[in-house]
Each structure stands twice: as structure tokens, then as C-alpha cells.
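First listed ligand is number 1; within each ligand, the first listed atom is number 1.
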Amino acid sequence: MRILLVEDDLMIGQSLKKVLKTHVVNWVEDTFAAERTIGVESYDLILLDLGLPKRSGIEYLTQLRATGNTTPVLIITARDGIEDRVKGLDSGADDYLLKPFAIDELEARIRALTRRKENRSNPVIEYAGTSLDPASYTMTYKNVSERLSVRAFGIMQTLIENPGVIFSRNQLEEKVYGWNDEVESNAVEVHIHMIRRKFGSEIILNVRGVGYTFPKMQTTK
Ligand code: CA
């Protein structure tokens, strides 16, 4: 899952990045940086602090919703006044969590919010006989069902949602890793190798010197 964390407290930001390691977490420290990345990348969830420099979380959230963006927002805040919570929910937040919070609870809230989001649309992604279930990170192809790692699933999702489009290694890397994640130089190849070993090499085409693609005309007969 791709999460945008908007948090100006360095200790909280660093520890959240660490504990949410099964997700792709991009971390910004103010709402203007959040606005910039939201304009060019898509996220499954925004974790939003309220007390932020330059512009408050509430102001940002109000503006985000005004532009029609429906990404689920979970407010994480130390403000415990009822008014602040109500204001947050009124401004378009989906849920809130008071600091300090237990990581288990944060994970549970994240799951609940993204379930809610997935229920709004068809959660399973399907194309040409291949299906991906984001709820369980499971991929199915020709009667083979396997659970993939988060990164491998992200690579597959990117390819299958854009059949016939060739993605370079760097483009795939950007899709499935956060900005500050340490990425081994051949990480994408390793994930692709693993996917091919499980489902057959025809599942992802390697366009030599250019990148990878999910073949558009693939049939399952
Ligand atoms: Ca803060």
C-alpha cells in the first residue's frame, strides 16, 4: 500500500516509516510538499498530522477535498479536544487517531480504511486471465494462485493496469519504493524473476534494453 505521511515531528516520522515497513511510505514535513506529491503520485492513504508548519492539516484537508480528491485520510494528532476531532472529520478526514498510539491500532485503522475504500470499487484487478487481489496480495494465473510480496505485487499491479506499456526498471522502482527506501540496484529484477518462476516467463515480457511490459494481446486459451 502506498501511504503519504505528513508529519513535522522527526522522531514520529522516522519511527512511523520504520514500523510501517510493509507499506510504501513517502514522508513529507509540510502540507505544501504534500500538495506537490499528491499532484503527481497516487496514494492509498494519507496519514495527516494537524499541527504543521506553514499551513495546518485542517486547511490542507479542506482544500484537498475541494479539489475532488477522495484518498482516505487518517488524522494522527496530539490535539485531544473534541472540537479538533469534529473539525477534522467535518473537513473530510475518514478517521483519526490520537498520539501517542499503539502501532497495532494504527495498522488496524489503516486496514479498516483501505477496506472501506476497496469496497467502493471492484477490489480485484483483472486482465487477460490474470487477477490480482489487493486485499491478500494474491495473484492468480492459469489456476496458479500465489501470495506475492508487497513490492512484487506493486510491480505486477503497475504492469497489469497498463497492458502493453513498457516500464523501465527505474519507473517500476519509483512505483513500489518510497523515496528514502534503500533499494538494491537489482531489486526490481529480483521481484520479476520471482514472479516468473511462480507463473511462467510469459507473464512479464522483457523488452531488451528498454524495460518490462505485461503483454496486451495475451489470451488464456
Ligand atoms: Ca506536528
Is Lys87 atom NZ crowded by more than 12 heavy atoms from other residues, nucleotides or ligands, each under 6.0 Å away? no
Electrostatic pair Lys142:Glu202 at N-O distance under 4.0 angstrom: yes
Angle subtended at the Ca ion (ligand 1) by O of Gly51 and OD2 of Asp49, nearest 10°: 80°
Between Tyr137 and Arg147, is there a cation-pi geometry (under 6.0 Å to ring centre, at most 45° from the normal)? no
Do Val6 and Asp49 have side-chain heavy atoms sitting under 4.5 Å apart? no
Of all N, O or S atoms in Asp8, which has the smallest distance to the Ca ion (ligand 1)? OD1
Below 3.0 Å, any N, O or S contact between Glu7 and the Ca ion (ligand 1)? no
